[in-house]
Visitor: 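Sharing a structure below in structure tokens format, with a few things to ask.
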Amino acid sequence: MSESASSNFIRSIIADDLQQGVVDKVVMRFPPEPNGYLHIGHAKALCVAFGLSAEFGGRCNLRMDDTNPEKESDEYVQAIERDIRWLGFEWSGRHNASDYFEQLYDWAVLLVKEGLAYVDEQPLEAIREQRGDREKPHVPGVPGPFRDRPVEESLSRLEGMRRGDYPDGAMVLRAKIDLASPNFQLRDPVMYRIRNVHHQRTGDAWHIYPTYDWAHGQSDAIEGITHSTCSLEFDVHRPLYDWFIENLPIEQPVPRQFEFARFVLPYTVMSKRKLTLLVQEGHVTGWDDPRMPTIAGYRRRGVRPEAILRVFEEVGVSKANSVVEPSFVESVIRDDLNPEAPRVMTVLDPIEVVIEGEVPEETLDASYWPHDVPKEGTRPVPFSGRVFIERSDFAVDPPKGFKRLAPGRAVRLRYAYVITCTGHETDDAGNVTRIRASIDRSVP
């Protein structure tokens with residue numbers, strides 16, 4: 001594990017900011033996209049935001065990043081809220097990025113008027129090509145034909161985009177920053193794209209929707225977020241986050257973005273797009289299928305929220321990505337369940353064992369708890385001359401090291417007596433159908 005939760009670097013930053021008076025109160029947020037259920041990777045992000053804000057007596061908002069209406073639904077919104085509450089968190093404020101569409105648009109108009117944004121009518125393929133080759137960040141991009149268009153033209157087209165005068169993909173609004181920057185996020189990024197689709201909250205009022213980079217930081221500013229946390233792949237987005245903040249009339253203290261290592265779990269599908277396909281194509285029974293790495297899937301699997309929280313306490317918050325083995329997660333879950341989950345036995349592939357002689361029926365006590373759990377509690381288990389064991393617990397010709405039942409071998413039945421195999425029966429195919437045994441009640 002990379003860094004203990006008690007000393008993670010974001011905690012240290014927050015503590016310093018409070019001590020030095022940079023902020024009076026900590027305000028954080030968790031901004032999921034309502035386009036699927038939360039998976040175990042999202043759980044780390046929400047534990048960081050909700051956990052740290054609570055630790056410092058601050059507030060944490062839940063904000064749905066509902067800027068892509070084609071993939072969003074109320075089912076996902078409700079599932080996200082349910083998962084957060086199941087983990088034991090409660091938000092201070094409940095918001096949506098769509099709550100701020102009008103303010104975001106007004107700020108976009110302001111940037112256009114100040115010559116810091118323009119409407120580009122080129123196809124996206126041409127825009128990508130002009131921005132340059134990401135493998136050659138030292139080579140500057142090439143200005144497109146609309147980069148220096150008059151402000152009035154951009155404003156007119158932006159208004160038409162909002163009204164729905166143009167088809168999808170006809171044009172975009174771009175920030176005018178630096179086409180020579182080695183950071184491609186600053187090479188005139190797209191702020192608005194046309195989507196003539198129905199939005200689950202705003203209906204048909206809007207025909208343009210903000211990109212993540214345009215909506216994210218400005219929504220933080222509107223809500224008064226002090227510490228905006230996200231996973232490490234967004235570190236290259238931070239200069240753009242800061243650029244928008246610096247060029248808008250936003251009051252101090254302005255929000256700041258901090259990135260931490262994402263939760264990398266190998267051999268596990270963590271792509272929401274791929275998880276969506278598993279659901280849509282019927283490979284699983286739903287987002288809460290116990291085989292899914294979603295929080296809902298873990299819940300149906302019988303995992304307790306305390307175990308999920310413990311995983312992230314152990315993993316900690318660091319500045320460098322690292323791999324967390326699935327075996328570690330499973331061990332934390334087992335350790336959490338061990339003193340909480342009473343045990344019972346079941347036989348899935350049974351073979352009948354007939355005990356020779358007079359075997360009176362009796363009731364034995366079987367513990368609910370393994371030997372390493374200091375808890376009391378038993379259940380009654382009936383015992384007679386006919387019992388069943390797992391097929392894999394018997395071998396006619398046992399291999400070396402086999403410690404279970406075999407011809408002539410004695411073993412103890414769990415919670416019962418020692419039996420010795422005296423013979424067995426098979427069918428025409430040679431499969432064992434019945435075992436005969438003697439019992440020794442004298443062995444304690």
Visitor: If the plane angle is over 60° it's perpendicular, under 30° parallel, otherwise tilted; pick one for W287 and Y37.
Guide: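 Rings of W287 and Y37: parallel, as their planes differ by under 30°.
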Visitor: In terms of relative ring orientation, are H227 and F258 parallel, tilted or perpendicular, with 30° and 60° separating the classes?
Guide: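 Ring orientation, 0 to 90° scale: parallel.
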Visitor: Set out, in order, the CA-CA distance, both residues' side-chain angles and the distance that settles side chain to side chain donor-acceptor pair (under 3.5 Å) for Q78 and D74, then state yes or no.
Guide: CA-CA 6 Å; Q78 294 180 26; D74 190 58; 2.5 Å; yes
Visitor: Any chance you could measure R304, atom CZ, to R299, atom CZ, to the nearest 0.5 Å?
Guide: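 CZ of R299 is found 14.5 Å from CZ of R304.
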Visitor: Would E223 and R29 count as a salt bridge (Lys or Arg N to Asp or Glu O under 4.0 Å) here? Give the steps.
Guide: CA-CA 9 Å; E223 293 179 15; R29 86 291 173 268; over 6 Å; no
Visitor: For E81 and R94, run salt bridge (Lys or Arg N to Asp or Glu O under 4.0 Å): C-alpha distance rounded to whole Å, both residues' side-chain angles, the deciding distance at 0.1 Å, then the answer.
Guide: CA-CA 10 Å; E81 293 178 346; R94 172 63 175 81; 2.8 Å; yes
Visitor: So, the side chain of Y192 versus the backbone of Y105: is there a donor-acceptor pair under 3.5 Å, distance only?
Guide: yes
Visitor: Parallel, tilted or perpendicular, judged at 30° and 60°: which one describes the rings of F50 and F89?
Guide: parallel
Visitor: Assess the pair F234 and H216: is the distance between their ring centroids shorter than 6.0 Å?
Guide: no
Visitor: Taking it one step at a time, do E72 and R201 satisfy salt bridge (Lys or Arg N to Asp or Glu O under 4.0 Å)?
Guide: CA-CA 10 Å; E72 298 162 2; R201 293 191 69 252; over 6 Å; no
Visitor: Just verifying a value: how many Å separate L186 CG and K176 NZ, rounded to the nearest 0.5 Å?
Guide: 15.5 Å
Visitor: Does NZ or CZ of R343 lie under 6.0 Å from the centre of the six-membered ring of W369, at an angle within 45° of the ring axis?
Guide: no
Visitor: Give a yes or no on whether a salt bridge exists between R157 and E121, defined as a side-chain N under 4.0 angstrom from a carboxylate O.
Guide: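 Salt bridge present between R157 and E121.
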Visitor: Does one side chain, of R256 or S228, offer a donor that lies under 3.5 Å from an acceptor on the other?
Guide: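 The criterion, which ignores hydrogens and geometry beyond distance, is not satisfied for S228 and R256.
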Visitor: Nearest 0.5 Å please: distance from the CG atom of D65 over to the CG atom of N96.
Guide: 9.5 Å
Visitor: Quick one about Q185 and N183 (side-chain donor to acceptor, distance below 3.5 Å, no hydrogens or angles considered), yes or no?
Guide: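 Looking only at side-chain atoms, Q185 and N183 do not form any donor-acceptor pair under 3.5 Å.
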Visitor: Is the shortest side-chain N to carboxylate O distance from E33 to R63 below 4.0 Å?
Guide: no
Visitor: Atom NZ in K44, atom OG1 in T229: separation rounded to 0.5 Å?
Guide: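 If we round to the nearest 0.5 Å, K44:NZ and T229:OG1 are 11.0 Å apart.
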Visitor: A side-chain contact here means heavy atoms from C-beta on lying under 4.5 Å apart; do L277 and Q280 qualify?
Guide: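 The answer is yes, as the side chains (C-beta and beyond) meet within the 4.5 Å cut-off.
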Visitor: Can you confirm whether the side chains of T433 and D427 place a donor and an acceptor under 3.5 Å from each other?
Guide: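 Short answer, no.
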Visitor: Is there a donor-acceptor contact under 3.5 Å from the side chain of R391 to the main chain of V432?
Guide: yes
Visitor: If we count only N and O atoms by modelled type, under 3.5 Å, do the side chains of E233 and S231 hold a donor and an acceptor together?
Guide: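 Yes.
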Visitor: Exactly one of Q130, R131, R174 should register a side-chain contact (heavy atoms from CB on, under 4.5 Å) with D188. Which one does?
Guide: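 The option that passes is R174.
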Visitor: Please say whether more than 12 non-hydrogen atoms of neighbouring residues, nucleotides or ligands are located less than 6.0 Å from CD in E90.
Guide: yes
Visitor: Please tell me whether Y241 and D220 have a donor and an acceptor in their side chains that are separated by less than 3.5 angstrom.
Guide: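 Y241 vs D220: donor-acceptor pair found between side chains.
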Visitor: Answer yes or no: is there a side-chain heavy-atom contact under 4.5 Å between P249 and L110?
Guide: yes
Visitor: Verify the distance criterion only: is there a donor paired with an acceptor across the side chains of N35 and N68 at less than 3.5 Å?
Guide: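 No, N68 and N35 have no side-chain donor paired with an acceptor closer than 3.5 Å.
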Visitor: Salt-bridge test for D178 and R187: reply yes if a basic N is under 4.0 Å from a carboxylate O, no otherwise.
Guide: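 The answer is no: the pair does not qualify as a salt bridge.
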Visitor: To the nearest 0.5 Å, what is the distance between CE on M28 and CD1 on I10?
Guide: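 So the gap between those two atoms works out to 6.0 Å.
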Visitor: Please work out which of the three classes, parallel, tilted or perpendicular, describes the rings of H95 and Y100, given edges at 30° and 60°.
Guide: tilted
Visitor: Going by heavy atoms in the side chains, are S219 and P31 under 4.5 Å from each other?
Guide: no
Visitor: Any chance CG of D24 has more than 12 other-residue heavy atoms, nucleotides or ligands included, within less than 6.0 Å?
Guide: no
Visitor: So R310 and E314, salt bridge (Lys or Arg N to Asp or Glu O under 4.0 Å) or not? Walk me through it.
Guide: CA-CA 6 Å; R310 180 64 183 274; E314 295 289 334; 2.8 Å; yes
Visitor: To the closest 0.5 Å, what do you measure between CD (Q218) and CG (D106)?
Guide: 13.0 Å
Visitor: Under 3.5 Å, side chain of T202 to main-chain N/O of A205, donor-acceptor pair present?
Guide: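 Absent.
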Visitor: Would you kindly check if the NZ (Lys) or CZ (Arg) of R379 is within the cone defined by 45 degrees around the ring axis of Y368 and under 6.0 Å from the six-membered ring centre?
Guide: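 Satisfied, under 6.0 Å and within 45°.
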